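This structure is a prediction, so every number in the text was calculated from the model and none was measured. One-based numbering along the sequence shown.
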Amino acid sequence: QVQLVESGGGLVQAGGSLRLSCAASGRTFSNYGMGWFRQAPGKEREFVAAISRTGGSTYYVDSVKGRFTISRDNTKNTMYLQMNSLKPEDMAVYYCAASLVYSASSGDYDYWGQGTQVTVSS
């Protein structure tokens with residue numbers, strides 16, 4: 001089992017920044033590809049970004065490219081999502097997830113955090 005706990009969400013004005021963290025415990029963190037997903041009210045959960053086990057590869061949904069940066073620190077068992085130039089359409093509950101593969105598909109992820117709310121005011 002892998003336990004994941006997100007933090008860092010909150011209220012920010014459009015154009016502002018937030019940094020989300022995902023702390024992992026349980027099995028060896030570096031064995032897992034990690035991802036961020038988000039779900040806005042009334043919408044399906046969508047992929048945001050993924051990072052490979054070593055952090056050497058990353059992938060983003062087009063809507064966040066150039067604004068969001070995913071990273072991880074395997075010595076701290078923690079993954080991050082730096083979000084800059086936030087827009088109202090970024091407002092959602094953000095979830096981190098762990099997978100034995102490097103993937104953008106939610107179906108490939110075995111473990112999920114409880115989510116953290118990001119609210120962007122216009």
key: CA sep, side-chain torsions, deciding dist, call: Gln114, Glu6, side chain to side chain contact (heavy atoms under 4.5 Å, CB included)   = CA-CA 7 Å; Gln114 83 289 348; Glu6 302 96 336; 2.9 Å; yes
request  = Indicate yes or no for a side-chain donor-acceptor contact from Tyr60 to the backbone of Ile70 under 3.5 Å, with no hydrogens or angles considered.
outcome  = yes
message = Is the shortest side-chain heavy-atom distance between Gln39 and Tyr94 below 4.5 Å?
response = no
message = Could you measure the distance from the CE atom of Met34 to the CE atom of Met79? Nearest 0.5 Å is fine.
response = 4.0 Å
query = Is there a donor in the side chain of Ser99 and an acceptor in the side chain of Asp108, or the other way round, less than 3.5 Å apart?
reply = no
query = Do the side chains of Val93 and Thr116 get nearer than 4.5 Å, heavy atoms only?
reply = no
key: Ser103 backbone acceptor or donor facing Tyr109 side chain under 3.5 Å   = yes
ask   = Under 3.5 Å, side chain of Trp36 to main-chain N/O of Cys22, donor-acceptor pair present?
value = no
query = Is Lys87 salt-bridged to Asp90, cutoff N-O under 4.0 Å?
reply = no
task = Considering non-hydrogen atoms only, spot the tightest contact between Val118 and Met91 and give its length.
result = O-CG, 3.1 Å
inquiry  = For Thr78 and Asp73: C-alpha separation, side-chain torsions, deciding distance, then whether side-chain hydrogen bond (donor to acceptor under 3.5 Å, both in side chains) applies.
reply    = CA-CA 5 Å; Thr78 303; Asp73 185 340; over 6 Å; no
query = Would you call Ser17 and Met83 a side-chain contact if the rule is heavy atoms closer than 4.5 Å?
reply = no
key: Test: Arg38 cationic atom under 6.0 Å from Tyr95 six-membered ring centre, within 45° of axis   = no
query = Should the ring pair Trp112 and Phe37 be called parallel, tilted or perpendicular, given that the plane angle runs from 0 to 90° and is split at 30 and 60?
reply = tilted
note = Looking only at heavy atoms, the pair that brings Ser30 and Asn74 closest together is CB-ND2, 3.5 Å
message = With rounding to the nearest 0.5 angstrom, report the CD to CG distance, Gln3 to Asn77.
response = 11.5 Å
ask   = Minimum heavy-atom separation for Leu4 to Ala24, with atom names?
value = CD2-CB, 3.6 Å
note = Minimal heavy-atom distance between Ala14 and Pro88, with the atoms involved, is CB-CD, 4.2 Å
remark   = Rounding to 0.5 Å, atoms CD (Glu46) and OG (Ser106) come to a distance of 11.0 Å
inquiry  = Working to the nearest 0.5 angstrom, can you tell me the gap between Leu20 CG and Cys96 SG?
reply    = 9.0 Å
request  = Spell out, as yes or no, whether a donor-acceptor pair under 3.5 Å connects the side chain of Thr119 to the backbone of Leu11.
outcome  = no
note = Here the gap from Thr69 atom OG1 to Asn84 atom CG, rounded to the nearest 0.5 Å, amounts to 6.5 Å
query = Are there more than 12 heavy atoms of other residues, nucleotides or ligands under 6.0 Å from atom OH of Tyr111?
reply = yes
message = Can you confirm whether Lys43 is buried at NZ, in the sense that more than 12 heavy atoms of other residues, nucleotides or ligands lie under 6.0 Å from that atom?
response = no
query = Do the non-hydrogen side-chain atoms of Phe68 and Leu86 ever get within less than 4.5 Å of each other?
reply = yes
ask   = Is a side-chain N or O of Tyr102 found less than 3.5 angstrom from the main chain of Thr58, in a donor-acceptor match?
value = yes
inquiry  = Do Phe29 and Val101 land in one hydrophobic cluster if side-chain heavy atoms of ILVMFWY residues count as linked below 4.5 Å?
reply    = no
task = Ignoring hydrogens and angles, tell me if any N or O in the side chain of Arg53 forms a donor-acceptor pair with the backbone of Tyr32 under 3.5 Å.
result = no
query = Rounded to the nearest 0.5 Å, what separation is found between the CD atom of Glu89 and the OG atom of Ser63?
reply = 8.5 Å
